[in-house]
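To keep things clear, I will list the structure first and then write my remarks on it.
Because only heavy atoms are used, hydrogens play no part in the values below, and waters and symmetry mates are left out as well, while side chains stay in. A, B, ... follow the sequence lines: proteins, then strands. Residue 1 opens every chain.
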Amino acid sequence: MAEGSREVVALSQSGAINSLSNGGGGTSAQTNNPLSRKLHKILETRLDNDKEMLEALKALSAFFVENSLRTRRNLRGDIERRSLAINQEFVSIFKEVKEAAKEQTQDLIVKTTKLQTESQRLEIRAQVADAFLSKFQLTADEMSLLRGTREGPITEDFFKALGRVKQIHNDVKVLLRTNQQTAGLEIMEQMALLQETAYERLYRWAQSECRALTQESCDISPVLTEAMEALQDRPVLYKYTLDEFGTARRSTVVRGFIDALTRGGPGGTPRPIEMHSHDPLRYVGDMLAWLHQATASEKEHLEALLKLVTAQGVEENIQEVVGHITEGVCRPLKVRIEQVIVAEPGAVLLYKISNLLKFYHHTISGIVGNSASTLLTTVEEMHLLSKKIFFNSLSLHASKLMDKVELPPPDLGPSSALNQTLTLLREVLASHDSSVVPLDARQADFVQVLSCVLDPLLQMCTVSASNLSTMDMATFMVNSLYMMKTTLALFEFTDRRLEMLQFQIEAHLDTLINDQASYVLTRAGLSYIYNIVQQHKPEQGPLAKVPNLDSVALKTAMVQFDRYLAAPDNLLMPQLNFLLSATVKEQILKQSTDLVCRAYSEVHAAVMDPANEYKDPENILHRSPQQVQALLLMI
Amino acid sequence: MATAPYNYSYIFKYIIIGDMGVGKSCLLHQFTEKKFMADCPHTIGVEFGTRIIEVSGQKIKLQIWDTAGQERFRAVTRSYYRGAAGALMVYDITRRSTYNHLSSWLTDARNLTNPNTVIILIGNKADLEAQRDVTYEEAKQFAEENGLLFLEASAKT
């Protein structure tokens, strides 16, 4: 080839020369001569190197045996004919091959299709099986969560797995309704077993968690709350866990209470409650307030613990456990309150303590409900005890009153025993008034207190007054009753007693009114005349003829009566000035004056009566009853 | 696990004191229930409410003891100062008498609590500006003189 290309270069050089030499000539250039080009091409051909050409020639020589003009002329046709024949032969042979191949692969295709279908079917089955497994079996992770190590912690995932077990156990019932009963039963059993294991593990964990809740401020973790939610499905385990919680809290509360009593807060502040034991009310109040707060806190803890529990009776559970928790403090509380009560700090303090206990009974029952909580029972017991000792103390006081009855003081005022007792009563009633006990209970107490104190008091006054004159006695009794009345009037629920006292006062007032009227009539010289006038009957003849009732006697009396009319105050019984109540005194004066007026008008009417044969009666009694009334009412 | 292992890290006890009708129970109700109680009955003795709040990432449970303002309960409510981390002393800005009684409440609070108990003065009913009877400045000065925290509030608004 290298040689050939050199020749081409040489040729083109010569061509270039030619074209240069024939620059202006009209003859066609040698290089563009087709013949020369063909020649060139042939000359360029290197036959010994062209394998294809050699092959072709070799093949040609196989059938081109005779080189003659005729054969040369027919060569092309021969070659074409030959090519056709070869192709035809190829086609027929290939057809055979194709037929054979087709026959052979048919079987394979069928097999493949079959296998494909099988594979699809299996795949679907696998999917179904997977779906079944994921629906009815737990993953390995879930399994290990549920079985876990005994002491391992419980996490959120545990509850998810537990929920799954429950779900599966529930769903598997569908299988039992189909003809997959064996699988259903097996799964059910498996799940039941797993559930039991899981619940037991959960229970042990919850139990030890609860056991550790011994701090005064106890925080319920959300996981424990969830554990209780899960455990509600196993009532026995649920109850045992609650018991464990209750026991742990119970001892914590007792310890807290004793610490508050004897040690106080950290570093001594707040100071221990027992530091105030000299002040019974504060001592008892502080203890009960502490318990109230502890009870409320414990209830809150339980509410947090059972927040997610939906089973019925949660409220009862809470009350029951709070009752159990607060049971421990009952003894130390009882011992202390009993000490206070038995030391008899006096009726008023006893009563205040009793009211305080009643108040806390009410307050604490608002938290623990009305269930039979020992704490409530203890508080109620202490309330009853304090009330009993209180009434004992009142009764003792009352019986002392009767033991040594004093004589009334010279001013007929209330005796010192009465004053003292009324002060006591006032203090008791006042402390009741400030108490927080419900209305009806308060009313019942009042009735008892009043009868416990007032009845002996009235008796004492009566006995004490028994040796006095009527006037002195009435005055003394009115004063004493009046004192009682004014004391009671300040308080509620005393209406009936006040009414009773008022009746008694009025009874004594009648005495005083009548006595005052007759005191005036006697001293005004009208008493004798009035008596005769009253008793005189017309058939006894005219009054003027009755001895000592003649006009002279009447005139003398009238002079005295005029003196009275001029200064009625001079004719006041001395006892009336001892009356404590101005109103009462006023009332006596008014009503006795009315009586005097009435007496005068009767006498006046009799004198004016012509049947009584007084001469010039207007001269004898120169004042008309109206005049007398007007004069007396001026005071 | 998404939630913290505990609901709260600290628990604090508070006590609310002050005259009758200044709105102590309403403040507590607003704080715990986020609702205004229009006609709140008188508190009998002592009641309580709780709420968990978050302070700089720490959850704190507040246990608030709401005392009756009536004088007749004074002896009972005195027992509840014990162990209180703070006392909320409330008066009514529309009633001067409730402000005038503060010193008596303060005496109780000082005598019955720890020295480190925080006392907070609260002027309630701040929504009733038209009926104001105690100025902000006056109460602020009282609070400063006595080392109290002070704020005005309204349980209603």
Side-chain heavy atoms of B:Lys61 within contact of A:Asp219, under 4.5 Å: no
I'd like to know whether [atom1] of [X] has more than 12 heavy-atom contacts from other residues, nucleotides or ligands below 6.0 angstrom.
X	atom1	result
A:Arg263	CZ	no
B:Tyr10	OH	no
A:Gln215	CD	no

Show the nearest heavy-atom pair for residues B:Val46 and A:Phe359, with the distance to one decimal. N-CZ, 4.4 Å
To the closest 0.5 Å, what do you measure between CZ (B:Phe48) and NZ (A:Lys299)? 8.5 Å
Could you state the interatomic distance from CD (A:Glu300) to CD1 (B:Ile11), rounded to the nearest 0.5 Å? 7.5 Å
Write out, in numerical order, the residues from residues 275-287 of chain A with a heavy atom short of 4.5 Å from a heavy atom in chain B. A:Arg282, A:Gly285, A:Asp286
I need the contact set between residues 289-297 of chain A and chain B: heavy-atom distance under 4.5 Å, sorted by residue number. A:Ala289, A:Trp290, A:His292, A:Gln293, A:Ala296, A:Ser297
Using non-hydrogen atoms and a 4.5 Å limit, figure out which bit of A:Ile367 sits close to chain B: side chain, backbone, both or neither. neither
Any side chain to side chain donor-acceptor pair (under 3.5 Å) involving residues 118-129 of chain B? Give me the pairs, sequence neighbours left out, ordered by first then second residue. B:Asp92-B:Lys125, B:Asp127-B:Ser154, B:Glu129-B:Arg132
Does anything in residues 36-45 of chain B form a side chain to side chain donor-acceptor pair (under 3.5 Å)? List the pairs, not counting sequence neighbours. B:Ser25-B:Thr43
